2 protein chains.
Amino acid sequence: MSLRNALLAMLTSQPMTGYDVYKNFQTSVGYVWHAPDSQIYPELRRMEQDGLIRGETVPWGKRGTKKRYSITEAGVESFQAWLNAPPEYQRERDPVRLRAAYLEWAKPDASAEFFRAHTAYHAGRIEDWEEMIAALRDQSNPTLAKRIEGKSAEEARRITAYKVFAYEGMIARARAEIAWAEKGLELVEELERRV
Amino acid sequence: MSLRNALLAMLTSQPMTGYDVYKNFQTSVGYVWHAPDSQIYPELRRMEQDGLIRGETVPWGKRGTKKRYSITEAGVESFQAWLNAPPEYQRERDPVRLRAAYLEWAKPDASAEFFRAHTAYHAGRIEDWEEMIAALRDQSNPTLAKRIEGKSAEEARRITAYKVFAYEGMIARARAEIAWAEKGLELVEELERRV
DNA sequence: CCCAACATGTAAGGGGTTACATGATTTT
DNA sequence: AAAATCATGTAACCCCTTACATGTTGGG
């Protein structure tokens, strides 16, 4: 049900078309919850049926139309209910650790490459999130700008702080991954040393 | 395809029935890759069809039979191919960070409780993994014992080291989560303070 | 003899991926 | 006039969850 809540989260900022949601996903929520368009459009329709959002058909150019969705009161309640409920955790399913546990079967070079790739991957993600944090801090992120429009400075600070904090969590996790991968590289070098 | 590789990993230790695999999952690989029996039995059948494992029907008591699976050469190759290939990363999908990013919509008490639950959850997992590491180190883990049977001390050390290292990675991640959740609690207290 | 453990399934449904598909509008 | 962007889908497939279902064996 997190997709649904990610969509509700987007729509608490402002009314949007499915396409807007899809685009905005890539530059905001998408950094914590990815969704492809093939998932977004059908889900929005289901959410409308369930009364969480309301769609209005608005003209687009001369002949075209598009559907703009707004969150309903029921939608806000549902979103808040999710936020207020105790968190649920999925069973562990960690392909990286699964691999690491059986590296005695891998080629030494592949093991080393695996840890290097792991570091590179997470370093890349950290860059993305740091950019995101910068854009939140200076309010150049359009979704956030819309969100805090007309709010008090105090409110704006509070709203921004949680988003920044979420990305800081991603970064902290990524740093832990990199530290682990670096130790992994040392371990491979120690264990697979050809004498 | 990680389920398949988790099953292959189990079967590199020794031949097993589906039930053995299921049981062992809970005390070894299951800590990094969970799978229910309803997934294991059908997957083993598919793997046999694909020639990765071979099943032999063995008697069980007076009338019963059971099927014991052994990994084939093709199975070992497939497992190693997976280990030697560059890692693939899934798109981000992080319900915890998604929630954290929108805590301005939650009740302050629920936000605090959320971070406390997060800490408690990960503290519990750390305990499990630490027990697991202890069992690996003193070789009281039966799957590992079987795995290193007849191997040189050097080989045994290498095999054990990777498994310990994998669990250390889980623990490192969990510690990062706890540190983050503790900061989250402070943030909630700061932002939601009633004056 | 009963119960725990051993043994093995089916079936419906949810969520996600990948690929395929189409058309209108705005920008260059 | 072409290209990029806006707009919205469908369909097959894979993986996983949850619930239901059944029978055997070994130990107390």
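Fair warning: this is a prediction, and the values are worked out from it, not measured in the lab.
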Apply side chain to side chain donor-acceptor pair (under 3.5 Å) to [X] and list each qualifying residue two or more places apart in sequence or on a separate chain.
X: B:Ser13; answer: none
X: B:Asp20; answer: B:Thr17
X: A:Glu155; answer: A:Arg158
X: B:Asp50; answer: B:Arg4

If I take atom [atom1] in residue [X] and atom [atom2] in nucleotide [N], what distance separates them, rounded to the nearest angstrom?
X: B:Asp37; N: C:dC6; atom1: CG; atom2: P; value: 13 Å
X: B:Gln90; N: C:dG16; atom1: CD; atom2: C1'; value: 10 Å
X: B:Gln26; N: C:dA5; atom1: CD; atom2: C1'; value: 12 Å
X: A:Leu7; N: C:dG16; atom1: CG; atom2: C1'; value: 14 Å
X: B:Glu88; N: C:dT17; atom1: CD; atom2: P; value: 13 Å
X: A:Ile40; N: C:dG15; atom1: CD1; atom2: P; value: 15 Å
X: B:Tyr41; N: C:dA7; atom1: OH; atom2: P; value: 7 Å
X: B:Asn24; N: C:dA7; atom1: CG; atom2: C1'; value: 15 Å

Taking the nucleotide of DNA chain C with the closest heavy atom to each, which residue, A:Gln39 or B:Thr17, is nearer the 5' end?
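Per heavy-atom nearest nucleotide, the more 5' residue is B:Thr17.
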Return all side-chain donor-acceptor pairs below 3.5 angstrom for residues 180-188 of chain A, not counting sequence neighbours, or 'none' if the list is empty.
residue: A:Trp180; atom: NE1; partner: B:Phe165; partner atom: O; Å: 3.1

Is any side-chain heavy atom of B:Leu3 closer than 4.5 Å to one of A:Arg93?
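Result no, sub-4.5 Å side-chain heavy-atom pair not found.
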When you measure from the side chain of B:Gln139 to the backbone of B:Ala145, do you find a donor-acceptor pair of N or O atoms at a distance under 3.5 Å?
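It does not hold such a pair.
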Sidechain-backbone polar pair: A:Asn84 side chain, B:Lys107 backbone, donor-acceptor under 3.5 Å
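Yes: the side chain of A:Asn84 pairs with the backbone of B:Lys107.
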Side-chain donor/acceptor of A:Ser38 to base of C:dT17, under 3.5 Å:
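Side chain to base: no pair below 3.5 Å.
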For A:Arg125 and B:Glu92: C-alpha separation, side-chain torsions, deciding distance, then whether salt bridge (Lys or Arg N to Asp or Glu O under 4.0 Å) applies.
CA-CA 10 Å; A:Arg125 307 313 315 279; B:Glu92 215 58 57; 2.9 Å; yes
Can you give me the first and the last nucleotide of DNA chain D (5' to 3') that has an atom within less than 4.0 angstrom of a non-hydrogen atom in chain B?
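Contacts span D:dC15 to D:dG26, reading 5' to 3'.
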Looking at A:Arg46, does any N or O in its side chain come under 4.0 Å of the phosphate oxygens OP1/OP2 on C:dG15?
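No, because none of the side-chain N or O atoms of A:Arg46 sits under 4.0 Å from OP1 or OP2 of C:dG15.
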Just to confirm, is there a sub-4.0 Å distance from OP1 or OP2 of C:dT17 to any side-chain nitrogen or oxygen of B:Arg93?
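True: B:Arg93 side-chain N/O within range (under 4.0 Å) of C:dT17 OP1/OP2.
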Side chain to side chain donor-acceptor pair (under 3.5 Å) partners of residues 63-74 of chain B, not counting sequence neighbours, each pair once
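Found B:Glu48-B:Lys67.
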Dump the intermediate steps for salt bridge (Lys or Arg N to Asp or Glu O under 4.0 Å) on B:Arg193 and A:Glu154, then the final yes or no.
CA-CA 12 Å; B:Arg193 200 175 353 232; A:Glu154 190 50 35; over 6 Å; no
Give the nucleotide from the list C:dT10, C:dA7, C:dA19 with an atom nearest to the side chain of B:Pro42.
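From the listed options, C:dT10 comes nearest.
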Taking only residues two or more places apart in sequence or in another chain, which ones pass side chain to side chain contact (heavy atoms under 4.5 Å, CB included) with A:Ala174?
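For A:Ala174 the side chain to side chain contact (heavy atoms under 4.5 Å, CB included) partners, ignoring immediate neighbours, are A:His122, A:Ile126, A:Trp129.
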Residue list, side chain to side chain contact (heavy atoms under 4.5 Å, CB included) with A:Ala6, at least two apart or on another chain:
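In terms of side chain to side chain contact (heavy atoms under 4.5 Å, CB included), with neighbours along the sequence ignored, A:Ala6 is linked to A:Phe25, A:Val29, A:Trp33, B:Leu98.
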Among residues 51-58 of chain B, which residues get a heavy atom nearer than 4.0 Å to DNA chain C?
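Contacts with DNA chain C under 4.0 Å: none.
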Mind listing the residues from residues 59-71 of chain A sitting with a heavy atom below 4.0 Å of DNA chain C? Number order is fine.
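Only A:Trp60, A:Gly61, A:Lys62, A:Arg63, A:Gly64 qualify.
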Are B:Arg99 and B:Glu113 within salt-bridge range, i.e. N to O under 4.0 Å?
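So B:Arg99 does not pair with B:Glu113 through a salt bridge.
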Please report how far the helix from C:dC1-D:dG28 to C:dT28-D:dA1 bends, comparing the axis fitted to its first five pairs with the axis fitted to its last five, to the nearest 10 degrees.
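End-to-end axis angle: 20°.
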